[in-house]
Amino acid sequence: MVDWGIRPASASDVEAVAELRAVVLRADLERLGRYDERRVRQRLRDGFDPEHTWVIEVDGAFAGCVALRPAEDAQWLEHFYLAPRLQRSGIGSDVLRGLLERCDGSGVPVRLNVLQGSPARRLYERHGFTAETQDPVDVFMVRYPAREVVSLTAVPPPGSRRIGESAPRAGGHESGPPS
């Protein structure tokens, strides 16, 4: 079992996140004729907000990130990237499940956009997202709050941590996304 945790992002995480974004999105952006190695990183730097971003760590090392940005009528799930070697390991599903449980508790929908043809769309659909609109590059999806909220105290699989649970890290303080 993989030992993973999640911690609040800081401004110093921006370059690691920008690099991971370039790696994770490269194949889809190339397929769509939109890959530019400088632009893919700069767009992340320009929109990075550590206040609403969390870093995923595996065995104490940077492995991914996710952001949940509040908006007027929804939460926007953004910058959800996991190192390719860890994709399809269940970590992404666990992180997403924890975020969605929190959003269900607040009663607001969650919105996101995913690149056309991206395998990530299947992950989002498994978690209840449906396509609302699309253009030649993006599919805009929404997930409305579940009617029955799952307990946030459910026991996670061995070796993993749910969002908001403590994990060892320098400084000894960790928190998950806001409720």
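Computed from a predicted structure; not experimentally measured.
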### Task
Using a 4.5 Å cut-off on heavy atoms from C-beta on, say whether the side chain of Leu115 contacts that of Val137.
yes
### Task
Please round to the nearest 0.5 Å and tell me the distance separating atom CD of Glu30 and atom CG of Leu25.
11.0 Å
### Query
So how far is it from Leu77 CG to Arg111 CZ, rounded to the nearest 0.5 Å?
13.0 Å
### Message
So which atom in Ala120 and which in Val114 form the shortest heavy-atom distance, rounded to 0.1 Å?
### Response
CB-CG2, 4.1 Å
#### Entry: Within 6.0 angstrom of Arg34 CZ, more than 12 heavy atoms from elsewhere
no
### Query
Is there a donor-acceptor pair under 3.5 Å between the side chain of Ser106 and the backbone N or O of Cys103?
yes
### Query
Does His127 offer a backbone N or O that forms a donor-acceptor pair with the side chain of Arg143 under 3.5 Å?
yes
### Ser118 versus Arg31, closest heavy-atom pair with distance
N-NH2, 3.7 Å
### Message
Salt bridge check, Arg97 against Asp104: does any charged N sit closer than 4.0 Å to a carboxylate O?
### Response
no
### Distance, nearest 0.5 Å, that separates CZ of Arg41 from CZ of Arg21
10.0 Å
### Any donor-acceptor pair under 3.5 Å from Asp138 side chain to Phe140 backbone
no
### Distance, nearest 0.5 Å, that separates CD of Glu51 from CZ of Arg69
12.5 Å
### Task
Can you measure from CG (Asp13) to SG (Cys65) and round to the nearest 0.5 angstrom?
8.5 Å
### Query
Do Tyr81 and Tyr124 belong together in a cluster built from hydrophobic side chains that touch within less than 4.5 Å?
no
### Nearest heavy-atom neighbours spanning Ala9 and Phe48
CB-CZ, 4.1 Å
### Query
Do His52 and Glu78 touch side chain to side chain, with heavy atoms closer than 4.5 Å?
no
### Task
Please report the shortest heavy-atom distance between Val108 and Ala74, naming the atom on each side.
CB-CA, 4.5 Å
#### Entry: Shortest non-hydrogen contact from Val139 toward Ala131
CG1-CB, 3.8 Å
### Query
So do Leu123 and Phe129 actually touch side chain to side chain, heavy atoms under 4.5 Å?
no
### Message
Working to the nearest 0.5 angstrom, can you tell me the gap between Trp4 CH2 and Leu86 CG?
### Response
11.5 Å
### Task
Establish whether Val95 and Val58 are linked, either directly or via other cluster members, by ILVMFWY side-chain heavy-atom contacts under 4.5 Å.
yes
### Query
Side-chain heavy atoms under 4.5 angstrom apart, residues restricted to Ile, Leu, Val, Met, Phe, Trp, Tyr: same cluster for Phe80 and Val17?
no
### Message
Check for me, please, whether Leu112 and Leu29 land in the same ILVMFWY cluster - side-chain distances under 4.5 Å, paths through other members count.
### Response
no
### Query
Does Gln116 use its side chain to pair, donor to acceptor, with the backbone of Asp135 at less than 3.5 Å?
yes
### For the student: nearest non-hydrogen atoms of Pro50 and Ser10, plus distance
CB-C, 3.8 Å
### Query
Side-chain heavy atoms under 4.5 angstrom apart, residues restricted to Ile, Leu, Val, Met, Phe, Trp, Tyr: same cluster for Leu96 and Val55?
no
### Message
Under the criterion side chain to side chain contact (heavy atoms under 4.5 Å, CB included), I'd like the reasoning laid out for Gln87 against Val24: C-alpha separation, chi angles, the key distance, then a yes or no.
### Response
CA-CA 10 Å; Gln87 293 174 6; Val24 170; 4.0 Å; yes
### Message
For Asp28, is there an ion pair with Arg121 - N to carboxylate O distance below 4.0 angstrom?
### Response
no
### Query
Arg39 side chain to Tyr35 main-chain N or O, any donor-acceptor pair under 3.5 Å?
no
